[in-house]
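Written below as structure tokens is the structure these notes are about.
Below, chains carry the letters A, B, ... as their sequence lines are ordered, and counting in each starts from 1.
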Number of protein chains: 2
Amino acid sequence: MNSTFSALAEPNRFNIVELLRDGPLSVGDVAVQLGLNQPQTSKHLRVLCDAGLVEVHAVANRRIYKLRAAPFQELDAWMESYRRIWEERFDRLDDYLQELQRKEANPDNKQ
Amino acid sequence: MNSTFSALAEPNRFNIVELLRDGPLSVGDVAVQLGLNQPQTSKHLRVLCDAGLVEVHAVANRRIYKLRAAPFQELDAWMESYRRIWEERFDRLDDYLQELQRKEANPDNKQ
DNA sequence: TCACAATATTCCTTGACAGGAATATTCCAT
DNA sequence: ATGGAATATTCCTGTCAAGGAATATTGTGA
């Protein structure tokens, strides 16, 4: 999960992922379509691979990279816990303010 | 979107977000619950704030931070485009391989 | 086997960022 | 208005990651 965020935080890698969303591609094709040079492309793909976002498949001379579903499903599952409550809890200041006042009244009561 | 990933890529900030999922908290409370010291906590909250993941609300001496729904909904929307196709496309190597062969046959045809 | 295409790796430099410590700021309560 | 919480900011340092250039590697087809 952490490595997923780190990997996607880099703009070029994010673009690579968006590009691969449309299907698998070779290193060269990724490089051309994103206007990157080959070494950087390989390096970014390696990071994505290490993070598990992508997997390789050797075909003749090329290496075809494609997205892996797992980390996206994991991300989806993580989001789920936020979807459930983002109308409920995020805005519930009242509870917390009362909590604060209560603590103010008798500081020892750690609840 | 980019700033969202960058913000969440840092482990402490990720933990702060997870903590705030349960409701708003003051800087001090965040610091205590995560075992951080106050300055780093403030700094991380600032980054989260700049990224729009969090918003502040001054209450007496304290500043209460809470999650903002927007970036999570944006992330959710982004995920949506992956959910739709992760069984379909991610694994469709065949198409691409045929595409490669086709290009091999007559390189000039850029499709 | 050999040359070449496709890809990966290394080395280097530079910039961004996190943590620590100290200090500045803000704002309430008296 | 003033002392003291609570919070924010600055300065410094070390680390890490990205880009560029050059080079190494791998695998294929002739």
Closest heavy-atom pair and its distance - A:Arg83, A:Glu80: NH2-OE1, 2.8 Å

B:Tyr65 or B:Asn61, whichever maps to the more 5' nucleotide of DNA chain D: B:Asn61

Heavy-atom closest contact (B:Val54 atom, B:Arg68 atom, distance): O-CD, 3.7 Å

Interface with DNA chain C, restricted to residues 37-54 of chain A and to heavy atoms under 4.0 Å: A:Gln38, A:Pro39, A:Ser42, A:Lys43, A:Arg46

Closest non-hydrogen atom pair, B:Arg13 against B:Ser6: NH2-O, 3.5 Å

Audit row: A:Phe72, A:Leu53, side-chain contact (heavy atoms from CB on, under 4.5 Å) steps and yes/no: CA-CA 8 Å; A:Phe72 293 92; A:Leu53 282 173; 4.1 Å; yes

Non-neighbouring partners of B:Gln33 that pass side chain to side chain contact (heavy atoms under 4.5 Å, CB included), sequence neighbours left out: B:Leu19, B:Leu25

Validation row: B:Asn12, B:Leu34 side chains within 4.5 angstrom (heavy atoms): no

Flag for A:Tyr82-B:Gln73: side-chain donor and acceptor within less than 3.5 Å: no

Stretch residues 8-16 of chain A: residues that reach within less than 4.0 Å of DNA chain C through a heavy atom: none

B:Tyr65 to B:Leu20 - nearest heavy-atom pair and separation: O-CD2, 3.6 Å

B:Arg63: side chain to side chain donor-acceptor pair (under 3.5 Å) partners, not counting sequence neighbours: none

Side chains of A:His44 and A:Val17 in contact at under 4.5 Å (non-hydrogen atoms): no

Closest contact, heavy atoms only, B:Pro71 versus B:Thr4: CB-OG1, 4.1 Å

Axis bend over the full length of the helix from C:dT1-D:dA30 to C:dT30-D:dA1, computed from five pairs that close each end, to 10 degrees: 20°

Note, B:Ile64 side chain near B:Lys66 side chain (heavy atom, < 4.5 Å): no

Nucleotide range of DNA chain C lying under 4.0 Å from chain B heavy atoms: C:dA18 to C:dC28

